[in-house]
Amino acid sequence: MKVDSIDPIGKLEDNNIFETSVTQYVNRVIEDVKNRNKGDEEFHQAVEEVLHSLEPVLVKKPEYIKERVLDRLVEPERQIIFRVPWVDDEGNVQVNRGFRVQFNSSIGPYKGGLRFHPSVNDSIVKFLGFEQIFKNSLTGLPIGGGKGGSDFDPKGKSDREIMRFCQSFMTELYRYIGPDVDVPAGDIGVGGREIGYLFGQYKRLKNANEPGVLTGKGLNYGGSLVRTEATGYGLIYFVDEMLKAHDYDLNGKKIVISGSGNVAIYAAEKVQELGACVIAMCDSNGYILDESGIDISLIKKIKLVERKRIKEYADIKSNSKYYEGQKGIWSIKCDIALPCATQNDIDIESAKLLVENKVIAVGEGANMPCTNEALSYLLENGILVAPAKAANAGGVATSALEMSQNSMRLSWSFEEVDEKLKNIMVNIFNASKEAAKEYGAEGNYVVGANIAGFLKVADVMISQGII
Ligand code: NDP
Ligand code: 2IT
């Protein structure tokens, strides 16, 4: 049946036919996305995962089809691609590509991180921007969805090279962002140092000190306490809540975490604080196994301060072992797996290993760390999954709290922000739980988070008219 011929009210009587039509509508939108964004595999993957889970909502609320909400949702409001020329320490001219996708501004200014990694392209930025719409909606705070970055590789670059790159990147980006327009932050390869250089250049170009234009800033120029820790801490607050709802707790659990960057480190810190034991972590070269519990302060020193490889850990700690290659980390027997590195880290083979090893839960700290096939397999096998959009929303939620503090020109204490973060994560868990239950997928927080995030954006899109 053609979507145009759907009579939402008439068809509700004949539920079967209507459901077929909903499926056809969703499939048609997915086909359009594939045709319009050829080869953008990660973007297709993110869209397919979300749209299929929304089918029960469309059956109940056909007005979303009539208003073509999905068609509008999958098309970014604006995409900016730009040249980023810079000069390296040897005096050579280097050229990178910069991106910003301003996906959806229904509920607030575009908000989302910047990723600096050689793998960044149009597809990566769009998948991240698309995910961000639902994540930001789930936080309950007034932020729309956006994402950006560059194929620049920060590894091995000097401080001055990083600075010159950031200055060139902002020299183009500054005209498209602003505290009420679009507010970037960090992501892979972008932390406090990069935000400082980006902010300095924005301020210089605008001749205005507008702290609300970027989040993740240093504490002495408008940054918020807890923002550094927020994504990792938030992930653990969410996982803890999910475990409790199923009569488990973190005490004594063995944890495997992929990654050893911002999200991984603070997830590890919080989960150890709550009585669990992190036995393995990795970087893109390999993983370390330390059955006695990883020394997080040493990981911080190696990865955040010295910017070295995780291998160093095993050189210092004689009771630990280093394994070349990162993928093997998912073969380690554990109770809880926390992928906190990058997308598609857990594929179907890794998911099978996790099920075989009787893992209780998977908590997605990274964005889209499981392939769609892996995700389905985990859920079918009764593994509790804390989905990225919900579970890693603590970072952007605290960014929104940073924006609030900037607007008020004051700073909240660590305890105050941490308490707000905790409440937000509990609220996100409850919203995901309730939505899953209401739409017939009790215990499936992947579906629940998609639906809860979608409903708010969709209703606002309708109330703001066809724009
Ligand atoms: P960082 O740059 O601080 O750390 C990234 C970590 O992941 C590093 O250990 C890195 O290893 C590893 N990694 C990156 N790419 C790969 C790869 N292709 N293969 C294997 N390992 C890889 O980034 P973040 O911790 O900030 O981000 C991690 C994830 O969390 C991302 O998916 C990001 O989108 C997501 N996220 C981040 C938020 C934030 O606030 N920062 C908020 C919400 C989600 P190496 O050192 O070798 O590069
Ligand atoms: O993926 C994410 O949510 C982030 N990288 C954080 C975005 C933000 O604006 O704090």
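Basis for what follows: all heavy atoms, side chains included, without hydrogens, waters or symmetry-related copies. Counting starts at 1 for both ligands and their atoms, following the listed order.
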- Between D345 and K327, is there a side-chain N and carboxylate O pair less than 4.0 Å apart? no
- Would one find an N or O of Q326, backbone or side chain, under 3.5 Å from an N or O of ligand 1? no
- In terms of side-chain geometry, is the basic nitrogen of D335 or K253 positioned less than 4.0 Å from the acidic oxygen of its partner? no
- Looking only at N/O atoms, are K135 and ligand 1 under 3.5 Å apart anywhere? no
- Message: Can you confirm, on distance only, whether ligand 1 has an N/O atom lying under 3.5 Å from any N/O atom belonging to N262?
- Response: yes
- Do the rings of F429 and Y445 sit parallel, tilted or perpendicular, given the 30° and 60° boundaries? tilted
- Of A397, A388, A341, which has the heavy atom at the shortest distance from atom 28 (C) of ligand 1? A341
- Message: Which option wins on minimum heavy-atom distance to atom 42 (C) of ligand 1: I188, T228, T231, N344?
- Response: T231
- Between Q343 and ligand 1, which part of the residue brings a heavy atom under 4.0 Å of the ligand: side chain, backbone, both or neither? neither
- From the options L304, D345, T215, N367, select the one whose nearest heavy atom is closest to atom 36 (N) of ligand 1. N367
- Identify the protein heavy atom lying closest to atom 11 (O) of ligand 1, giving its residue, its atom name and the separation to 0.1 Å. S284 N, 3.3 Å
- Determine, for K352 against E349, whether the closest basic-nitrogen to carboxylate-oxygen distance falls under 4.0 angstrom. no
- Please identify which atoms of ligand 1 are closer than 4.0 Å to at least one heavy atom of H117. 15 (N)
- Query: When you check the gap from the basic side-chain N to the acidic O, do K244 and D240 get nearer than 4.0 Å?
  - Reply: yes
- Message: I want to confirm something. Looking only at heavy atoms, which of R115, E229, E131, K303 is nearest to atom 46 (O) of ligand 1?
- Response: K303
- Is a salt bridge present between K389 and E49, judged by a nitrogen-to-oxygen distance below 4.0 Å? yes
- Item | V263 N/O under 3.5 Å from ligand 1 N/O | yes
- Task: Tell me which protein heavy atom sits closest to atom 6 (C) of ligand 2, plus the residue, atom name and distance to 0.1 Å.
- Result: R227 NH2, 3.5 Å
- Message: Give the atom numbers and elements of ligand 1 that come within less than 4.0 Å of a heavy atom of A366.
- Response: 29 (C), 30 (O), 32 (O), 35 (C)
- Task: Please state which part of C340 comes within less than 4.0 Å of ligand 1, counting heavy atoms only: side chain, backbone, both or neither.
- Result: backbone
- Message: Can you report which non-hydrogen protein atom sits closest to atom 10 (O) of ligand 2, along with the distance?
- Response: S399 OG, 2.6 Å
- Note on the structure: If we number the atoms of ligand 1 from 1 as shown, the ones under 4.0 Å from a heavy atom of K155 are 45 (P), 47 (O), 48 (O)
- Query: Which heavy atom of the protein is the closest neighbour of atom 17 (C) of ligand 1, given with residue, atom name and distance?
  - Reply: T342 CG2, 3.5 Å
- Do the charged groups of K126 and E75 touch, with an N to O distance under 4.0 Å? no
- Message: I need the T371 OG1 to Y377 OH distance, nearest 0.5 Å.
- Response: 12.5 Å
- Item | K38 bridged to D122 by N-O distance under 4.0 Å | no
- Task: Starting at CZ of R83, measure out to CZ of F169 and round the result to the nearest 0.5 Å.
- Result: 15.0 Å
- Query: Does the pair E172/R175 count as a salt bridge with the N-to-O cut at 4.0 Å?
  - Reply: yes
- Charged N-O contact under 4.0 Å between K270 and E229: no
- Task: Let me know which of Y323, Y313, W330 forms a ring-ring contact (aromatic ring centres under 6.0 Å, His included) with Y287.
- Result: Y323
- Is a salt bridge present between K147 and D187, judged by a nitrogen-to-oxygen distance below 4.0 Å? yes
- Per-atom contacts of ligand 2 with G112, taking only distances under 4.0 Å to non-hydrogen atoms: 7 (C), 9 (O)
- Which of the atoms of ligand 2 are close to A185, meaning less than 4.0 Å from one of its heavy atoms? 8 (C), 9 (O), 10 (O)
- Note on the structure: Any heavy atom of T398 under 4.0 Å from ligand 2? The part involved is neither
- Message: If you measure every N or O of G186 against every N or O of ligand 2, does any of those distances drop under 3.5 Å?
- Response: yes
- Closest to atom 4 (C) of ligand 2 among E131, K111, K147 (heavy-atom distance): K147
- Atoms of ligand 2 under 4.0 Å from any heavy atom of K135, numbered from 1 in the order shown, are 1 (O), 2 (C), 3 (O)
- Note on the structure: among protein heavy atoms, the one nearest atom 7 (C) of ligand 2 is G113 N, 3.5 Å
- Message: Any nitrogen or oxygen of S260 lying under 3.5 Å from a nitrogen or oxygen in ligand 1? Just yes or no.
- Response: yes
- Using protein heavy atoms only, decide if any is under 4.0 Å from atom 33 (C) of ligand 1. yes
- Message: Are L289 and I332 packed together at the side-chain level, in the sense that at least one heavy-atom pair is separated by less than 4.5 angstrom?
- Response: yes
- Message: Looking at K317 and D290, is any side-chain nitrogen of the basic one under 4.0 Å from a carboxylate oxygen of the acidic one?
- Response: no
- Item | Per atom 2 (O) of ligand 1, closest listed option by heavy atom (G149, G261, G189, G113) | G189
